[in-house]
Amino acid sequence: MAARGHVQDPNDRRLRPIYDYLDNGNNKMAIQQAEKLLKKHRDLHCAKVLKAIGLQRTGKQDEAFTLAQEVAGLEPTDDNSLQALTILYREMHRPELVTKLYEAAVRKVPTSEEYHSHLFMAYARVGEYKKMQQAGMALYKIVPKNPYYFWSVMSLVMQAISAQDEKLSHTMFLPLAERMVEKMVKEEKIEAEAEVQLYFMILERLGKYAEALEVVRGQLGEKLTSELQSRENKCMFLYGRLEQWPECNALSRKLLLKNPDDWQFYLSYFDSLFNLIDQSWTPPEEGNHSAEGEVHCSVAQAIGFVEERLASEEVKETRPLRGPYLARLELISRLRQRGSPDEQQLGEPLELMFQYFVKFGDKPCCFTDLKVFLHLLSPDHYVQVAAFVNRLTEAVPLGPVGEDGVALPGDTRALQRHLGAAQLSRCLGLQHALSTDGKLALIHELRAHYRHGLQFGKEHVLWQCLGLLEEGLAHSPSNAQIKLLLLLLFCRLGAFEPVVDLYSSLDAKHVQHDTIGYLLTRYAESLGQFAAASQACNFSLRFFHSNQKDTSEYIIQAYKYGAFEKIPEFIAFRNRLNNSLHFAQVRTERMLLDLYLDADISSTLEESVKNMSLCPEEDDIPWDSLRDNRDLDVFVSWNPKLSKEHRQLSLEEESLWLRLRSLTLRLAGCLSGLCHSPQAPPPATPHAQRNAEKSAENGVASKPADMQPLLGQLERTLGQAAQFTDKHQQYPFLGPPPTRLPQALANGSCQCQLVALQLPLHVQELETSGLDQSAELQAQIANLFKSLTVQLQDMLNKCKGDLLEVTDGRCRAQPSLLENLVFFVETVCVVLWVSSHCSGTLRPLKSSLQKKKKKKKETSTVTVSTSWLVWDRCTRLQTLLSQAVEQIQDQESSLTALKLEALSLEGLPQAEVKDTFSCDERTFIKAAMDKVQSSYLRSLQEVGDLLRKRADTLKSLKI
């Protein structure tokens, strides 16, 4: 809220207590204070708005909106009311109302610089670029300041960027923007660097690179001082676009003489060199080679230049720079691509890389530097590669071999060299080629190296990994990679309880909720901890919901401070997040989770759907523009890089699963609408008013016709999903996690839900034709109900077993049982919603038929078979749910009675465990196993509680 300094206006003094209450979060007292003030001063508009803010924050959105519109209708012009209404509309996510507010204020006070400025910013929040242009020019006419003029110019550029017709951008918007800037240039009114940057942006988008080069090299270019070498970088870019390779080469060479470690200039130097060679360019006999000086146009000159840089590094007393050594490898790589024999003049790549390792192997970046050039080693020649790695290992200064047969480094530099050699060995595939015994020996060696390094700073293998990572986290509590690996392993074991704390401790910031949030939300609901799943979804949703508001503020700040080149980036960033695959997934999963937990328990299905403002007939997921923003390289790995095929298959699988979940959600929304009264009251809330344009009352007034196409889409998507899972796609362990799709199809959850969701259409058809005229339809409904109970029983059977299975004192986790159990619960929820709808439809039909028979005083020859069947199947469902609850209780008892300290790791006898692992190691492994056991117990408890609630709602169904 606004911070108030000295108070001059009496109204400010009266309003101060309300501001203080709102700032401190005491919204109820703020409302009371506002009401007290309004009794004395009825026309104090700001007090009404502050009361509305308090109402909004206490969940009374309807009252707040009504009160705000009452004040807005009076078109206030006092700053307090306008600022308070702006804050309120932002909290309501209605920025478009702020524009109307300041349009009225500008009409009443047309010479106010402040109100015109606020109007421009209000348009910026909603992306009204044409109105922004007009507002900017109106502001410049009132107060002729350069920033206002260039606000208008930038708005023209944004119209060009957002225009659907690219031709229109290049023939109208951008030329107009160019003329407006040229006018200021001719009048010599250009004052700031931002204005030159905007001019450069316009010329670049128009493709006028020659004109842009004149600007950069001319007097205006002298203003480009905020970034180091900004002018030179722009010149380099423009030389490349204009294909002025002599100038590009000369400039990059000149800059490399000043800074021989700047990699981007090496790339420009090599690019321009080989373009000159391809064009057979020769320097003029007289005069300068180019406007930028001397030009190199032959391989011999390039080799000489690189060797000069290397020679100057060799004679330095200080540590040499890496740039020249990497430039030599880059030049070899390019010469080899062109099939040039000149590469031999620079040396053998294998020997050069070994020398680089000797010089820079103690730097953490050594591996990433050399990784780019490993293709020069010909990985097909295994003997050559193995010999190279052996030489690297021999170059590592290790101590004498200890009792465990492992030689260890004596300091951190030697440790880093050993790590680099191991990384290169991994990347070149040598570790993959080891036998099982060789891999176990390597694990033993690396584990010994890790423990030694602490002084400077099959199932049993999985338990050992967890124990080792727990030990690592104890020693390095801020190590993000250890936390990520623990998070991954716990999720793969089906233990979600420790995962939420691990993710929280990562302290993910801003866009990381989109890029790494999938590691958490993929397993959130599927492991049965629904409260933690809601928390996990909220981590991501809070970020996405604030994105729109925050990005608008970034855009406004960019206008205020003249960072015009950043505005298109902010717009693209906002669009990328709005179209995020992860956003669509989390939003869909959160709504489904809310329905599973609340619909027909604490509120009806209809009320739950209404509160979500769900419009079933509208698909709000931008399928054609979905962006996969996941960071699939978040794990530090020295494995070969994740293939494009794996990335594409993962995206396809994620999209299929999202489509299935989205269709299930929309069908649940349609189902709620079938129960809705045809005479629905008009929408009361502003949210409902907006959604009423799409459908009646937020989409709950559905018709059977709405369900038919959605069911068809669901059936087709299931067919596509089955074809995809038939490929049995496997991803690398540190690659993208698989979705729930394969298991959902394997245990029959999706198929069972499809059968359940088809029932309402048949029941609606039965309602139309009547019970006494629909024997065939009743038989069809009866078969569907029988099929449902059979499928549910089969799903429950797949949940049987112990989550921690103990055989001969060995412990093995079975997380798939937990996922099957959650699928069973989700399917039960859908079946019960359908059963509730069917009972609500059949009850009046049965009553009407009985009255009809009684009135005619006939003996009833028609048995109400469908009603009896629904009642019978509900009874069977009740029995099935009781059976499921008992099964969960048995699993809980089995887990609780399990004494993990008496167990051995699978594959190792208890005595051998004591010999193989130290006391500390066994402690950390036991701690990890305890976390898994505790998580399983909590999951079973939450799933059992939900099933009991569902069983209670089933008892209330009457036919």
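Throughout, residue positions are numbered sequentially from 1 according to the sequence presented.
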Self-check item: From L946 atom CG to C829 atom SG, the distance as rounded to the nearest 0.5 Å
Solution: 5.0 Å
Quiz item: Quick check, are the ring centers of Y554 and F570 under 6.0 angstrom apart?
Solution: yes
Quiz item: What is the minimum heavy-atom distance between K800 and L817, and which atoms define it?
Solution: O-CD2, 3.4 Å
Quiz item: When you check the side-chain N and O atoms of S749 and Q753, is any donor under 3.5 Å from an acceptor?
Solution: yes
Practice problem: With side chain to side chain contact (heavy atoms under 4.5 Å, CB included) as the test, would you mind laying out the steps for R574 and I555 before giving the verdict? | Solution: CA-CA 10 Å; R574 179 172 63 189; I555 294 167; 4.1 Å; yes
Practice problem: Check for a donor-acceptor pair, side chain of K798 on one end and backbone N or O of A746 on the other, with a separation under 3.5 Å. | Solution: yes
Quiz item: Looking at side-chain heavy atoms only, is the closest gap between V634 and T515 below 4.5 Å?
Solution: no
Self-check item: Closest heavy-atom pair and its distance - L710, P616
Solution: CD1-O, 4.1 Å
Self-check item: Exam field: side chain E607 to backbone T604, donor-acceptor pair closer than 3.5 Å
Solution: yes
Quiz prompt | Residues Y523, F496; criterion ring-ring contact (aromatic ring centres under 6.0 Å, His included); working and verdict | solution = CA-CA 7 Å; Y523 299 96; F496 195 72; 7.9 Å; no
Exercise. State, to 0.1 Å, how close M795 and C799 come at their nearest heavy-atom pair, and which atoms those are.
Key: O-SG, 3.3 Å
Exercise. Drop me the distance from M591's CE to N611's CG, to the nearest 0.5 angstrom.
Key: 12.5 Å
Self-check item: Polar side-chain atom of S476 near backbone of L473 as donor-acceptor pair, under 3.5 Å
Solution: no
Quiz item: Is the closest basic N to carboxylate O distance between R948 and D952 below 4.0 Å?
Solution: no
Quiz item: Would you say the side chains of N629 and R576 form a donor-acceptor pair under 3.5 Å?
Solution: yes
Practice problem: With R587 as the cation and F583 as the aromatic partner, state whether NZ or CZ is under 6.0 Å from the six-membered ring centre and within 45° of the axis. | Solution: yes
Self-check item: Residues in salt bridge (charged side-chain N to carboxylate O under 4.0 Å, His left out) contact with E652, at least two apart in sequence or another chain
Solution: none
Quiz item: For the atom pair CZ (R90) and OG (S552), what is the distance rounded to the nearest 0.5 Å?
Solution: 9.0 Å
Practice problem: With sequence neighbours left out, write down each residue that passes salt bridge (charged side-chain N to carboxylate O under 4.0 Å, His left out) with K483, or none if nothing qualifies. | Solution: none
Quiz prompt | Polar side-chain atom of Q481 near backbone of V636 as donor-acceptor pair, under 3.5 Å | solution = yes
Quiz item: When you check the gap from the basic side-chain N to the acidic O, do R666 and E617 get nearer than 4.0 Å?
Solution: no
Exercise. Indicate whether any N or O donor in one side chain lies under 3.5 Å from an N or O acceptor in the other, for N820 and Q743.
Key: yes
Quiz prompt | Minimum heavy-atom distance L656-T717, with the two atoms named | solution = O-CG2, 4.1 Å
Quiz item: What distance do T739 atom OG1 and Q585 atom CD have between them, rounded to the nearest 0.5 Å?
Solution: 9.0 Å
Self-check item: side chain to side chain contact (heavy atoms under 4.5 Å, CB included) between R659 and W623, intermediate numbers included
Solution: CA-CA 9 Å; R659 197 176 288 274; W623 296 104; 3.4 Å; yes
Quiz item: Sub-3.5 Å donor-acceptor pair from the side chain of E470 to the main-chain atoms of I925, do we have one?
Solution: no
Quiz prompt | Set of salt bridge (charged side-chain N to carboxylate O under 4.0 Å, His left out) partners for D550, sequence neighbours left out | solution = none
Practice problem: Can you sort out the partners of R630 under salt bridge (charged side-chain N to carboxylate O under 4.0 Å, His left out), two or more places apart, ordered by chain and number? | Solution: D628, E654
Quiz item: Taking C-beta and beyond as the side chain, do P95 and Y89 meet within less than 4.5 Å on heavy atoms?
Solution: no
Exercise. Taking the side chain as every heavy atom from C-beta outward, state whether Q56 and F65 have any atom pair closer than 4.5 Å.
Key: no
Quiz item: Mind checking whether V609 and L595 have side chains closer than 4.5 Å, heavy atoms only?
Solution: yes
Quiz item: Are a donor atom and an acceptor atom from the side chains of S934 and E497 found within less than 3.5 Å of each other?
Solution: yes
Quiz item: Salt bridge check: are E942 and R938 linked by an N-O gap of less than 4.0 Å?
Solution: yes
Self-check item: Straight-line distance of S625 OG to L581 CG, nearest 0.5 Å
Solution: 11.5 Å
Quiz item: What heavy-atom pair brings F490 and L502 nearest, and what distance separates the two atoms?
Solution: CD1-CD1, 4.0 Å
Practice problem: Kindly compute the distance separating CG (L485) from CG (L469), expressed to the nearest 0.5 Å. | Solution: 5.5 Å
Quiz item: Taking it one step at a time, do E525 and R661 satisfy salt bridge (Lys or Arg N to Asp or Glu O under 4.0 Å)?
Solution: CA-CA 13 Å; E525 184 183 338; R661 300 294 276 179; 3.5 Å; yes
Self-check item: Criterion side chain to side chain contact (heavy atoms under 4.5 Å, CB included) on T58 and I31, from CA distance to verdict
Solution: CA-CA 10 Å; T58 52; I31 295 169; 4.1 Å; yes
Quiz prompt | Side chain H513, main chain A508, donor-acceptor under 3.5 Å | solution = yes
Quiz prompt | Backbone of D890 reached by a side-chain donor or acceptor of S894 within 3.5 Å | solution = no
Quiz item: Would you find a donor on one side and an acceptor on the other, under 3.5 Å apart, between the side chain of Q891 and the backbone of Y936?
Solution: no
Quiz prompt | Close side-chain approach of F824 to N747, heavy-atom, < 4.5 Å | solution = no
Practice problem: State whether E96 and R125 are salt-bridged, where the test is any N-O pair (Lys NZ or Arg NE/NH1/NH2 against Asp/Glu carboxylate O) under 4.0 Å. | Solution: no
Quiz prompt | side chain to side chain contact (heavy atoms under 4.5 Å, CB included) assessment of D619 paired with S662 | solution = CA-CA 8 Å; D619 189 355; S662 173; 4.3 Å; yes
Exercise. Indicate the atoms forming the closest heavy-atom contact of C750 with L745, along with that distance.
Key: CB-CD2, 4.2 Å
Quiz prompt | Side chain to side chain, T664 and T588, heavy atoms closer than 4.5 Å | solution = no
Quiz item: Do any N or O atoms from the side chain of S836 and from the backbone of L832 form a donor-acceptor pair under 3.5 angstrom?
Solution: no
Exercise. If a pair satisfies salt bridge (charged side-chain N to carboxylate O under 4.0 Å, His left out) and one of its residues is in residues 510-523, list it, with sequence neighbours excluded.
Key: none
Quiz item: Can you check whether F543's main-chain N or O pairs, donor with acceptor, with S546's side chain at less than 3.5 Å?
Solution: yes
Quiz item: Judged by modelled atom types alone, do N538 and R590 share a side-chain donor-acceptor pair under 3.5 Å?
Solution: yes
Quiz item: Would Y503 and Q535 count as having a side-chain donor-acceptor pair, cut-off 3.5 Å?
Solution: no
Practice problem: If a pair satisfies salt bridge (charged side-chain N to carboxylate O under 4.0 Å, His left out) and one of its residues is in residues 735-744, list it, with sequence neighbours excluded. | Solution: R740-E826
Quiz item: Any side-chain heavy atom of S534 sitting closer than 4.5 Å to one from L593?
Solution: yes
Self-check item: Test: K949 and D945 ion pair at under 4.0 Å
Solution: no
Exercise. Find out whether Y518 and V586 are in side-chain contact, i.e. whether some heavy atom of one side chain is under 4.5 Å from a heavy atom of the other.
Key: no
